[in-house]
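Comments concern the structure below.
What you see is a predicted model; the values in this text were computed from it and never measured.
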Amino acid sequence: MEESASEAELNALRIPGAGICWWCGDKANTREHKFKLSDLRRMSTGSSEPLVWGDDKTLANIRSLRKSDRVKFSPNLCSNCNNARSQKFDYAYEKFSDYVWSRRGSLWRSRFMDMGEIYGDEWQGESLDLARYIVKHAGCRIADDGFAVPNGFGEFLDGGELLSHFHVCVFKHPDVYRAQRRISGRNGDPLGLWIGAMAGRVSREKAALTAFGSTLSVGFIGFVYRWYVDVPETDPFYKYRMARIHRLDRIPAL
């Protein structure tokens with residue numbers, strides 16, 4: 001029987017940090033940014049005030065975009081994996097983010113994200129690298145939360161073309177869009193960088209995590225990702241040049 005996991009049930013399944021890179025198994029000596037450093041810098045440009053980080057309990061100024069604990073996961077990657085091996089993923093994400101920032105006045109009405117418009121003739125390979133950026137983020141997030149990164153994540157980052165069990169799509173967030181219009185106007189800057197709460201499901205019979213999921217976004221445009229142990233078949237956004245943009249409030253809960 002599977003149930004939405006309580007905090008106590010999740011705590012019982014957490015494992016002590018081993019200090020190894022979840023991708024290659026080497027010593028984990030670097031910390032991945034929760035939010036891309038280029039996005040943080042773009043949001044802070046032209047302002048004398050520090051960026052503010054917040055959740056449902058805390059608000060705090062970010063004094064260092066590069067080093068603040070607020071914007072980084074715990075050490076769970078080696079320097080090679082977090083830099084040279086994943087540099088292409090970062091570049092692909094940066095192109096996506098640039099596109100969202102430059103099209104922020106029109107994307108709400110769009111039903112599809114044209115990956116060819118973002119990446120040109122190389123859209124298939126670069127869409128895969130964008131997906132690998134998301135998988136790397138999700139792996140660091142689940143490791144930071146104290147759980148084992150699922151089998152297959154590393155193989156996908158190594159060049160696999162489809163990650164089974166991992167479901168990911170593009171979304172638009174109506175609440176963030178409405179807030180952006182209220183505060184900044186129709187063509188205002190994207191309202192913040194967001195990573196959603198991590199939800200999970202457990203099998204009480206097997207005492208195992210069976211699903212988890214969250215979101216990451218630039219303003220009101222981003223990605224929903226979910227991993228299900230018992231749903232291997234996927235139909236992810238990166239298979240398509242015209243990737244469907246779903247309304248977040250119409251995507252079923254985990």
Side-chain angles (χ1 to χ4, degrees), residues 32 34-36 38-39 86 88-104 106-142 149-150 152-177 190 193-199 211-229 231-254:
E32 170 75 340
K34 298 175 184 179
F35 310 98
K36 197 75 179 69
S38 56
D39 281 335
S86 56
K88 290 196 306 180
F89 315 160
D90 293 337
Y91 290 158
Y93 171 83
E94 287 172 7
K95 290 181 182 179
F96 172 83
S97 179
D98 289 346
Y99 181 84
V100 170
W101 280 76
S102 65
R103 302 294 195 282
R104 57 187 178 268
S106 60
L107 279 175
W108 176 256
R109 291 186 174 84
S110 300
R111 296 178 58 205
F112 298 92
M113 186 74 68
D114 186 346
M115 309 309 284
E117 188 173 351
I118 301 172
Y119 298 120
D121 293 340
E122 301 300 318
W123 72 266
Q124 290 174 302
E126 295 212 53
S127 293
L128 266 169
D129 283 337
L130 174 61
R132 293 181 182 117
Y133 174 88
I134 298 165
V135 169
K136 179 188 172 189
H137 171 94
C140 290
R141 177 90 184 269
I142 198 71
V149 177
F153 276 37
E155 288 84 349
F156 183 68
L157 299 187
D158 285 338
E161 296 191 356
L162 184 69
L163 178 55
S164 61
H165 301 273
F166 190 81
H167 307 256
V168 57
C169 68
V170 186
F171 76 82
K172 51 187 175 184
H173 196 316
D175 292 341
V176 176
Y177 174 70
L193 304 170
W194 306 80
I195 56 174
M198 180 70 82
F212 65 80
S214 188
T215 63
L216 70 156
S217 57
V218 179
F220 61 85
I221 296 291
F223 299 95
V224 177
Y225 61 85
R226 291 173 180 171
W227 173 85
Y228 296 96
V229 70
V231 187
E233 297 81 11
T234 68
D235 189 30
F237 79 89
Y238 53 86
K239 291 172 59 178
Y240 302 97
R241 170 169 177 161
M242 301 299 291
R244 179 71 181 269
I245 304 176
H246 302 263
R247 278 182 61 122
L248 185 61
D249 55 347
R250 296 176 183 172
I251 298 175
L254 181 69

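Partners of Thr234 according to the side chain to side chain donor-acceptor pair (under 3.5 Å) rule, which considers only residues two or more places apart in sequence or in another chain, do not exist here. By the side chain to side chain donor-acceptor pair (under 3.5 Å) test, Tyr93 is found to be paired with Asp39, residues two or more places apart in sequence or in another chain being considered. Listed by chain and number, the residues in a side chain to side chain donor-acceptor pair (under 3.5 Å) with Asp90 amount to none (sequence neighbours excluded). Listed by chain and residue number, Glu117 satisfy the side chain to side chain donor-acceptor pair (under 3.5 Å) test with Tyr99 (two or more places apart in sequence, or in another chain).
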_Audit row: Asp235, Tyr240, side-chain contact (heavy atoms from CB on, under 4.5 Å) steps and yes/no_ = CA-CA 9 Å; Asp235 189 30; Tyr240 302 97; 2.5 Å; yes
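In this structure, Ser214 and Gly196 approach most closely via the heavy-atom pair OG-O, 2.7 Å. Here the shortest heavy-atom pairing between Trp194 and Gly219 reads CD1-O, 3.5 Å. Nearest heavy atom pair, residue Ala211 against residue Tyr228, reads CB-CD2, 3.7 Å. Between Ile195 and Arg141, the shortest heavy-atom distance links the atoms CB-NH1, 4.3 Å. Looking at every heavy atom in both residues, Val100 comes nearest to Leu107 through CA-CD1, 3.9 Å. Nearest heavy-atom pair across Ser110 and Lys172 is O-NZ, 3.1 Å.
The closest donor-acceptor contact from the side chain of His165 to the backbone of Trp227 lies at 3.5 Å or more, if one exists at all. No donor-acceptor distance shorter than 3.5 angstrom exists from the side chain of Lys95 to the backbone of Leu130, with no hydrogens or angles considered. Formation of a donor-acceptor pair under 3.5 Å by the Thr215 side chain with backbone atoms of Phe223 is not found in this model. A distance-only check finds no donor-acceptor pair linking the side chain of His173 to the backbone of Ser217 [under 3.5 Å]. Put simply, the side chain of Arg109 never gets that close to the backbone of Ser106: no donor and acceptor are under 3.5 Å apart.
Between Arg132 and Asp129, at least one side-chain nitrogen of the basic residue sits less than 4.0 Å from a carboxylate oxygen of the acidic one, meeting the salt-bridge criterion.
Counting non-hydrogen atoms of other residues, nucleotides and ligands closer than 6.0 Å to CZ of Phe112 gives a total above 12.
Looking at heavy atoms from C-beta onward, Arg103 lies out of side-chain contact with Asp114 at the 4.5 angstrom threshold. The closest side-chain heavy-atom distance from Val168 to Val224 is not below 4.5 Å. Using a 4.5 Å cut-off on side-chain heavy atoms (C-beta onward), Met113 and Ile118 make contact. Between Phe96 and Ile134, the closest side-chain pair of non-hydrogen atoms is not below 4.5 Å.
How far OH of Tyr133 is from CD of Glu32: 6.0 Å, rounded to the nearest 0.5 Å. Atom-to-atom distance recorded for Ile245:CD1 and Phe237:CZ is 11.5 Å, nearest 0.5 angstrom. Taking CE of Met115 as the start and OH of Tyr238 as the end, the distance is 12.0 Å to the nearest 0.5 Å. Separation of atoms CZ (Phe89) and CG (Leu128) is listed at 10.0 Å; rounding is to 0.5 Å. For the atom pair NZ (Lys88) and CD (Glu126), the distance works out to 9.0 Å, reported to the nearest 0.5 Å.
Between Tyr225 and Phe212, the angle of the ring planes goes over 60°, which puts this pair in the perpendicular group of the 30/60° scheme.
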Please tabulate, for side-chain N and O atoms in residues 153-162, each donor-acceptor pair with protein atoms closer than 3.5 Å (sequence neighbours left out).
unit_1	atom_1	unit_2	atom_2	d
Glu155	OE1	Gly152	N	3.3
Asp158	OD1	Trp23	NE1	3.0
Asp158	OD1	Arg85	NH2	2.5

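Residues in residues 244-254 take part in these side chain to side chain donor-acceptor pair (under 3.5 Å) pairs, two or more places apart or across chains: Arg247-Asp249.
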